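Report on the following structure.
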Number of protein chains: 2
Amino acid sequence: MFIEIEANSAVPIYLQLAQQIIESVAKGSLKPGDSLPSVRAFAADLGMNMHTVNKAYHYLEEKEFIQIVQKKGVFIHENGVRKASELDRLRLKKELRPIIAEALCLQLSQAEIELLIQEISLDLKEEM
Amino acid sequence: MFIEIEANSAVPIYLQLAQQIIESVAKGSLKPGDSLPSVRAFAADLGMNMHTVNKAYHYLEEKEFIQIVQKKGVFIHENGVRKASELDRLRLKKELRPIIAEALCLQLSQAEIELLIQEISLDLKEEM
DNA sequence: AAGCTGTTCTATTATTAATAGAACAAGAAG
DNA sequence: CTTCTTGTTCTATTAATAATAGAACAGCTT
């Protein structure tokens with residue numbers, strides 16, 4: 001698994017880690033049932049603290065993307081890839097809203113915004 | 001201007017304020033040259049601190065959405081509505097990426113994601 | 001028995017968010 | 001000229017978050 005952490009990002013590193021794991025699930029390089037490194041091994045590999053990895057894991061567990069099994073390890077949740085609920089859609093819209101507002105100020109058309117999304121989707125598939 | 005701050009949001013209130021000002025520019029209810037309330041008046045109106053409004057203003061100034069004129073006041077930047085630069089597009093993509101990744105895990109198709117964007121765009125126009 | 005698993009506990013350090021009050025310099029308005 | 005308002009600056013405090021650190025625990029695997 002290829003994780004790249006930007007030390008000088010405004011995004012906390014535990015979040016960067018969690019987001020990149022989600023990306024791996026999105027692109028299919030991590031599939032439901034796959035195991036993730038232990039908090040210690042991952043921390044050593046990434047040069048960060050065990051507790052930071054743990055925080056990322058719990059963030060992902062709350063989002064139901066991974067499953068933490070006591071004394072066993074961490075696995076991609078069986079429902080890691082699933083159909084969005086209406087609540088999911090609302091949450092995604094809330095997160096997208098400020099970005100779309102900015103895009104509209106920057107005079108991006110609907111088509112241009114859709115192109116951005118397509119480029120991102122391609123990025124998330126090419127890298128398999 | 002209608003600003004609604006969610007006290008219990010994980011998004012800092014200075015950011016919520018800034019984002020909602022951007023939304024107003026996006027929907028056209030605030031146009032380049034329009035003046036914004038003074039930091040004191042706005043703070044009193046919203047029930048928050050002067051310094052918090054100031055922080056939102058400086059955040060928006062850095063993004064070139066408003067112009068702070070010494071001893072005069074704050075105005076929507078003449079370039080508040082402008083054509084996106086290539087850097088703008090890259091920044092937007094970086095912000096969109098983790099959300100799109102999550103959308104893909106939730107098995108939203110390209111069309112379904114585009115529908116979300118359309119719904120948001122409508123929201124940002126209807127409210128004029 | 002040894003090693004590994006996530007968990008829990010206490011602890012420290014640094015940064016950010018938010019508030020508060022006072023004072024300043026400069027423009028506007030009377 | 002005086003008064004008010006403007007954004008700015010300064011110091012200060014409080015709370016929360018991020019990140020690190022080390023130790024210990026319970027339970028599974030080998």
Side-chain angles (χ1 to χ4, degrees), chain A residues 1 3-21 30 33-78 80 95 98, chain B residues 1 3-21 30 33-78 80 95 98:
Chain A
M1 188 166 12
I3 303 286
E4 224 170 344
I5 302 295
E6 290 183 38
N8 292 336
S9 169
V11 182
I13 62 181
Y14 86 91
L15 239 193
Q16 291 186 48
L17 174 55
Q19 287 172 344
Q20 289 186 41
I21 292 173
L30 282 179
D34 284 357
S35 72
L36 287 170
S38 76
V39 288
R40 286 175 181 83
F42 218 171
D45 184 32
L46 299 173
M48 64 178 65
N49 195 278
M50 172 186 71
H51 300 296
T52 306
V53 175
N54 199 246
K55 188 169 184 179
Y57 278 174
H58 280 275
Y59 171 84
L60 290 168
E61 187 188 34
E62 202 198 323
K63 280 182 167 289
E64 208 174 337
F65 282 124
I66 68 174
Q67 195 163 11
I68 301 175
V69 184
Q70 305 290 347
K71 325 296 171 190
K72 285 272 190 78
V74 177
F75 309 88
I76 303 298
H77 200 285
E78 290 302 331
E95 289 175 19
Chain B
M1 187 166 11
I3 303 287
E4 225 171 343
I5 302 296
E6 291 183 38
N8 292 335
S9 169
V11 182
I13 63 182
Y14 86 91
L15 237 193
Q16 291 185 50
L17 175 55
Q19 287 173 345
Q20 288 186 40
I21 292 173
L30 281 178
D34 284 357
S35 73
L36 288 171
S38 76
V39 289
R40 287 175 181 83
F42 218 171
D45 184 31
L46 298 173
M48 62 177 67
N49 194 277
M50 173 186 70
H51 300 297
T52 307
V53 176
N54 199 246
K55 187 169 184 178
Y57 277 175
H58 279 276
Y59 172 83
L60 290 168
E61 188 189 34
E62 202 199 321
K63 280 182 168 291
E64 207 174 339
F65 282 123
I66 68 174
Q67 195 165 10
I68 302 175
V69 184
Q70 304 291 346
K71 325 296 173 188
K72 286 270 190 79
V74 177
F75 308 88
I76 303 297
H77 200 287
E78 290 301 332
E95 289 175 20

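The structure presented is a predicted model; accordingly, all values stated were derived computationally and were not measured.
- Atoms CG (N54(A)) and P (dT17(D)) sit 17 Å apart, rounded to a whole Å.
- When all heavy atoms of V11(A) and L15(A) are compared, the closest pair comes out as CG1-CB, 3.8 Å.
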Pairing string of DNA chain C (Watson-Crick or G-U wobble, both atom distances under 3.5 Å; | = paired to other strand) is ||||.|||||||||||||||||||.|||||

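- Comparing L15(A) and K72(A) by the nucleotide of DNA chain D that holds the closest heavy atom to each, the one mapping nearer the 5' end is L15(A).
- Contact between L36(B) and Y57(B) at its shortest, heavy atoms only, is CB-OH, 3.5 Å.
- Between T52(B) and K55(B) there is no side-chain heavy-atom pair separated by less than 4.5 Å.
- Atom-to-atom, CD1 of I68(B) to C1' of dT8(D) comes out at 10 Å; the value is rounded to the nearest Å.
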Run the side-chain contact (heavy atoms from CB on, under 4.5 Å) test on F65(B) and I21(B) for me, step by step, so that the C-alpha distance in whole Å, both residues' side-chain angles and the decisive distance to 0.1 Å come before the verdict.
CA-CA 9 Å; F65(B) 282 123; I21(B) 292 173; over 6 Å; no

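- Taking the 5' to 3' direction, DNA chain C first and last meets chain A under 4.0 angstrom from a heavy atom at dT5(C) to dC9(C).
- For Y57(B) and H51(A), each mapped to the nucleotide of DNA chain D holding its nearest heavy atom, the one lying further toward the 5' end belongs to Y57(B).
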So M1(A) and F42(A), side-chain contact (heavy atoms from CB on, under 4.5 Å) or not? Walk me through it.
CA-CA 10 Å; M1(A) 188 166 12; F42(A) 218 171; 4.1 Å; yes

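- Spacing between atom NE2 of H58(A) and atom P of dA18(D) amounts to 15 Å, rounded to whole angstrom units.
- The shortest heavy-atom contact between A43(A) and N49(A) is CB-C, 3.6 Å.
- Distance Q70(A) CD to dG27(D) P: 10 Å, rounded to the nearest Å.
- In this structure, CD1 in I66(B) is found 8.0 Å from NE2 in H58(B), a value given to the nearest 0.5 Å.
- No side-chain heavy atom of V39(B) sits under 4.5 Å from any side-chain heavy atom of V74(B).
- Going from atom CG of L60(B) over to atom NE2 of H77(B) covers 11.5 Å, rounded to the nearest 0.5 Å.
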Enumerate the protein-to-nucleotides 2-5 of chain D contacts in which both atoms are nitrogen or oxygen and the separation is below 3.5 Å.
none

Where do I13(B) and Q16(B) land on the side-chain contact (heavy atoms from CB on, under 4.5 Å) test, with the steps shown first?
CA-CA 5 Å; I13(B) 63 182; Q16(B) 291 185 50; 4.1 Å; yes

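- Atom NZ of K63(B) is separated from atom CD of E61(B) by 13.5 Å, given to the nearest 0.5 angstrom.
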